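Order of the sequence lines sets the chain letters (A, B, ...), proteins ahead of strands, with each chain counted from 1. Everything numeric in this text was worked out from a predicted model, so none of it was measured.
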Number of protein chains: 2
Amino acid sequence: MEPDPSGASPGRVRDREATRQRILDSARELFTSEGYSQVSSRRIAAHAGVNVALINRYFGAKRGLLAEVIAEDAVFPGIVEGDPAALPRRLAEHIATRARGEGTPLQRALERSAADPDLQSVHQERVRAAIIEPLTAVLGGDDARLRASMVTAFVLGLGAVKRVEGATALAGHDPDDLVARLTRIIACCLEPGG
Amino acid sequence: MEPDPSGASPGRVRDREATRQRILDSARELFTSEGYSQVSSRRIAAHAGVNVALINRYFGAKRGLLAEVIAEDAVFPGIVEGDPAALPRRLAEHIATRARGEGTPLQRALERSAADPDLQSVHQERVRAAIIEPLTAVLGGDDARLRASMVTAFVLGLGAVKRVEGATALAGHDPDDLVARLTRIIACCLEPGG
DNA sequence: GGTATAAGTAAACAGTGTTGACTTGTCAAG
DNA sequence: CTTGACAAGTCAACACTGTTTACTTATACC
């Protein structure tokens, strides 16, 4: 079942960086196809043809491995840049696309297990750094952070609902209607003042 | 540290229902003060002065125990009932109150560990049964479910953001402003048509 | 009083992430 | 060419987890 029958013999050359990368690759592959908590450290190590202890040696803990895998993944590739007025539309289209089941395979996989204590704290850092902060910066104004939080809430919540209702809940509608709806709501989240 | 020095002696009377309740009480108490995944089955059992195996005998698994504890907790106590037009306002006020750090102690505790696969799956069932379904029913119309999903997304997402940003992110604003904002966004989520 | 039946228990299972002591390959200096 | 140092890699154990099986024991009925 575990691949890597070749090249993983105990007598391979000792290359720190190559081994590190091999672990990282195995982790990404397994996390992507099976989720985070479903994959044990020992399985990742076996898949990489490497001893379990190396995971902790190179990444501190399983959680560190996850953090590094997630860090490679782009969340909102350059969506906050560009005309702020059209931001709701851009965001809506991006979300609608992801709602149809597309989006990074890793993201899809992690959405399934998006709840581990490990995953959560890593996710928190990422949400703040990759969504809230850029949004706040691009918005400007006293209540920029609050408005950014509202949008972020909606975006994150859609992921949660998708998990509860199944992908069809959002994807089973007319794409244009969905985009229009999302655009309207996001714009509403962004509106300044009480 | 673990209380219950009295009344938990091995020679106590054998009362299935009383024992069940004792486990349930211990679980609620520990979950509330420390979160879900931080409390092990053995600790719950010890606290209840009972053998670990009884947890699985009476609740199937630790997850079942959690489900029963959560089920006792009211999510939206009768908010969907009443005038549908004022629903956004009622919901907004409820959320704003919870945003200030109030809300069930259990809810606050579980929000911290709100990531465990167990907790998540139990939560999913609860979100559907206690939020999405009633909302869908009260809304009516072709896209009732979709509109309910939008509101649910926003509500759940606010919880997630609160976890990321800390409670102050939402609570550190003028209450009236916050309620007005939330009301507007929720109303927007509920609007029919694309 | 004896006995069936349920309540409760002890001990083990199979798994997890993690750690420290150990071995071994590699590469540079003598 | 050999030797020695240091990093890379390994092994076995630790301290847990939730869960199950086989067992003991108290209670209630005949």
Side-chain angles (χ1 to χ4, degrees), chain A residues 1-2 4 7-24 26-27 30-31 34-69 113 115-122, chain B residues 1-2 4 7-24 26-27 30-31 34-69 113 115-122:
Chain A
M1 192 58 70
E2 306 302 335
D4 216 17
S9 62
R12 94 180 90 83
V13 293
R14 292 188 164 186
D15 184 336
R16 181 190 174 90
E17 222 41 56
T19 302
R20 232 189 89 97
Q21 196 58 50
R22 188 200 296 257
I23 295 173
L24 215 43
S26 295
L30 292 174
F31 287 165
E34 305 188 32
Y36 175 71
S37 55
Q38 285 75 30
V39 178
S40 72
S41 301
R42 283 174 173 80
R43 229 151 81 63
I44 297 171
H47 186 276
V50 140
N51 193 279
V52 205
L54 289 188
I55 289 180
N56 298 284
R57 183 189 273 311
Y58 288 147
F59 301 94
K62 190 191 177 190
R63 169 223 197 86
L65 190 48
L66 172 73
E68 208 147 321
V69 168
S113 57
D116 256 73
D118 278 15
L119 210 161
Q120 167 131 341
S121 62
V122 173
Chain B
M1 192 58 69
E2 305 302 336
D4 215 19
S9 64
R12 97 182 87 83
V13 293
R14 293 187 164 184
D15 184 336
R16 180 192 173 91
E17 221 43 55
T19 303
R20 232 189 89 98
Q21 196 58 48
R22 188 199 297 256
I23 295 173
L24 215 45
S26 295
L30 291 174
F31 287 165
E34 305 188 31
Y36 174 71
S37 53
Q38 286 75 29
V39 178
S40 72
S41 302
R42 281 174 175 80
R43 230 152 81 63
I44 298 171
H47 186 278
V50 139
N51 193 277
V52 206
L54 289 187
I55 289 180
N56 297 286
R57 181 188 275 310
Y58 289 147
F59 301 94
K62 191 191 177 190
R63 170 223 196 85
L65 189 49
L66 173 71
E68 207 146 321
V69 169
S113 56
D116 201 276
D118 277 14
L119 207 160
Q120 168 129 344
S121 63
V122 172

Review point. Between atom CD1 in B/Ile44 and atom C1' in D/dT17, what is the gap in whole Å?
Key: 12 Å
Point to revise | Contact summary for B/Ser121 and B/Arg63, nearest pair of heavy atoms | key: OG-NH2, 2.9 Å
Check your understanding: Side-chain N or O of B/Asn51 less than 4.0 angstrom from OP1 or OP2 on C/dA10?
Key -> yes
**Study point:** Protein-nucleotide distance (B/Asp15, atom CG; C/dA6, atom C1'), rounded to Å
**Key:** 12 Å
Review point. Where each residue is assigned the nucleotide of DNA chain C containing its nearest heavy atom, which of B/Glu17 and A/Ile55 is assigned the position nearer the 5′ end?
Key: B/Glu17
Exercise for review: Give the rounded distance in Å between these two atoms: CG of B/Leu65 and P of D/dT19.
Suggested key: 10 Å
Review point. Within this structure, what is the CD-to-C1' distance between B/Gln38 and D/dT17, rounded to whole angstrom?
Key: 13 Å
Point to revise | Length of the line joining A/Leu66:CG and C/dG17:P, which is rounded to integer Å | key: 12 Å
Exercise for review: Working to the nearest 0.5 Å, report the span between CG of B/Leu24 and CD1 of B/Ile55.
Suggested key: 10.5 Å
Check your understanding: Can you find a donor-acceptor N/O pair under 3.5 angstrom joining the side chain of B/Arg42 to the base of D/dG18?
Key -> yes
Review point. Within this structure, what is the CG-to-C1' distance between A/Leu54 and C/dT18, rounded to whole angstrom?
Key: 13 Å
Point to revise | Min side-chain heavy-atom separation B/Phe59-B/Leu66 under 4.5 Å | key: no
Check your understanding: Taking OP1 and OP2 of D/dT27, is either one under 4.0 Å from a side-chain nitrogen or oxygen of B/Arg14?
Key -> no
Practice item. Calculate the interatomic distance between B/Arg20 atom CZ and C/dA6 atom C1'; express it in whole Å. Key: 16 Å
Exercise for review: Specify the closest pair of heavy atoms between B/Ser26 and B/His47, including all atoms of both residues, with the distance to one decimal.
Suggested key: OG-ND1, 2.9 Å
Practice item. Ignoring backbone atoms, establish whether B/Thr19 has a side-chain N or O less than 4.0 Å from OP1 or OP2 of C/dG8. Key: yes
Check your understanding: Can any side-chain N or O of B/Arg20 pair as donor or acceptor with the backbone N or O of B/Tyr58 at less than 3.5 Å?
Key -> yes
Review point. What nucleotide among C/dT26, C/dG17, D/dT27 has an atom nearest to a side-chain atom of A/Val13?
Key: C/dT26
Exercise for review: Report which part of the nucleic acid A/Tyr58 touches: base, sugar-phosphate, or nothing (heavy-atom distance under 4.0 Å, all strands).
Suggested key: sugar-phosphate
Review point. Where the side chain of B/Ala53 is defined as all heavy atoms beyond and including C-beta, which of C/dA6, D/dT19, C/dT9 is the nearest nucleotide?
Key: C/dT9
Study note, to complete from the structure: Looking only at C/dA7, C/dT19, D/dG9, the nucleotide nearest the A/Asn56 side chain is C/dT19
Check your understanding: Could you give the CZ-to-P distance, from A/Arg43 to C/dT18, as a whole number of Å?
Key -> 17 Å
Point to revise | D/dT20 base / B/Arg57 side chain donor-acceptor hit below 3.5 Å | key: no
